[in-house]
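Report on one structure; see the data block that follows.
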Amino acid sequence: KTYPLDVDLIILDCRAGFDLLSDNVLSAATHILIPVDCGVKSLTVANSVQHILNQSLELELDPAPKILGLVPNHFNNKSSDEQALVSLLQDAATNLEIGCYPPLRKWQWLKKSAMEGVPLKQLRPSDPINSNFDSIVNDLEVIRNGQK
């Protein structure tokens with residue numbers, strides 16, 4: 001509130017989890033996507049959401065950043081455990097009143113894209129995994145256009 005930013009959207013690309021850097025960056029965020037690696041730590045997603053809400057209160061952020069939702073990633077669609085985990089994440093997101101985007105599967109080209117800093121759509125324009133990002137991009141477009 002004291003230092004308003006003249007922007008519609010800020011995207012920060014950093015690992016999931018919170019540390020001092022994440023807490024500081026929170027003060028500049030307008031919206032938050034929470035990447036969730038499919039594994040044991042994903043069961044603590046409610047703690048991450050609560051941490052964001054608590055920090056927003058403590059930092060007196062006005063407006064507080066809106067949590068857009070969870071983004072399950074490194075998903076193995078052949079694993080019944082990970083399918084169950086994604087179902088639990090979707091239930092948790094519903095209970096937390098936030099979104100849950102389609103899971104991103106483990107994919108060598110996705111990793112290569114990240115390592116090279118090149119959009120996957122540029123590396124592999126016809127790869128079906130690109131459509132997994134459609135709902136995120138659509139939500140970001142709505143925000144950028146001032147509709148959300």
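Excluded from the calculations below are hydrogen atoms, water molecules and symmetry mates; all remaining heavy atoms, backbone and side chain alike, are included.
- Donor-acceptor pairing under 3.5 Å is lacking for the side chains of Asn54 and Glu58.
- Every residue two or more places apart in sequence or in another chain that forms a salt bridge (Lys or Arg N to Asp or Glu O under 4.0 Å) with Asp127 is listed here: Arg105, Arg124.
- A pairwise comparison of heavy atoms in His74 and Asp37 identifies ND1-OD1, 3.0 Å as the closest pair.
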**Request:** Test side-chain contact (heavy atoms from CB on, under 4.5 Å) on Asn132 and Tyr101 and set out the steps.
**Result:** CA-CA 8 Å; Asn132 281 49; Tyr101 293 93; over 6 Å; no
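- For residues 108-120, the set of pairs meeting the side chain to side chain donor-acceptor pair (under 3.5 Å) definition, not counting sequence neighbours, comprises Lys112-Glu116.
- Separation of atoms CG (Leu140) and OG (Ser135) is listed at 9.5 Å; rounding is to 0.5 Å.
- Under the 4.5 Å side-chain criterion, counting only non-hydrogen atoms from C-beta, Leu26 is in contact with Ser56.
- Between the side chain of Asn77 and the backbone N or O of Gln83 there is no donor-acceptor pair closer than 3.5 Å.
- Ala93 and Leu70 get closest at one heavy-atom pair: CB-CD1, 4.0 Å.
- Partners of Ser79 according to the side chain to side chain contact (heavy atoms under 4.5 Å, CB included) rule, which considers only residues two or more places apart in sequence or in another chain, are Asn76, Asp81, Glu82.
- With sequence neighbours left out, the salt bridge (Lys or Arg N to Asp or Glu O under 4.0 Å) criterion links Lys106 to no other residue.
- With sequence neighbours left out, Gln122 forms a side-chain hydrogen bond (donor to acceptor under 3.5 Å, both in side chains) with no residue at all.
- Of the inter-residue distances, the one linking Leu61 atom CG with Thr30 atom OG1 reads 11.5 Å to the nearest 0.5 angstrom.
- Using a 4.5 Å heavy-atom cutoff, the side chains of Pro72 and Ser42 are not in contact.
- The minimum heavy-atom distance between Leu59 and Ser27, with the atom names listed, is CD1-CB, 4.5 Å.
- Residue Val86 shares its hydrophobic cluster (ILVMFWY side chains chained together at separations under 4.5 Å) with Phe75.
- Note that the CG atom of Leu96 and the CG atom of Asp91 stand 11.0 Å from one another [nearest 0.5 Å].
- Atom CG of Leu33 is separated from atom CD1 of Ile136 by 5.5 Å, given to the nearest 0.5 angstrom.
- The minimum heavy-atom distance linking Cys100 with Gln90 is given by the pair SG-CG, 3.7 Å.
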**Residue pair Ile52, Ile34: steps toward the side-chain contact (heavy atoms from CB on, under 4.5 Å) verdict** = CA-CA 10 Å; Ile52 292 167; Ile34 302 174; 3.8 Å; yes
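- When side chains are defined from C-beta on, Ile32 does not count as touching Leu68, because their heavy atoms never get closer than 4.5 Å.
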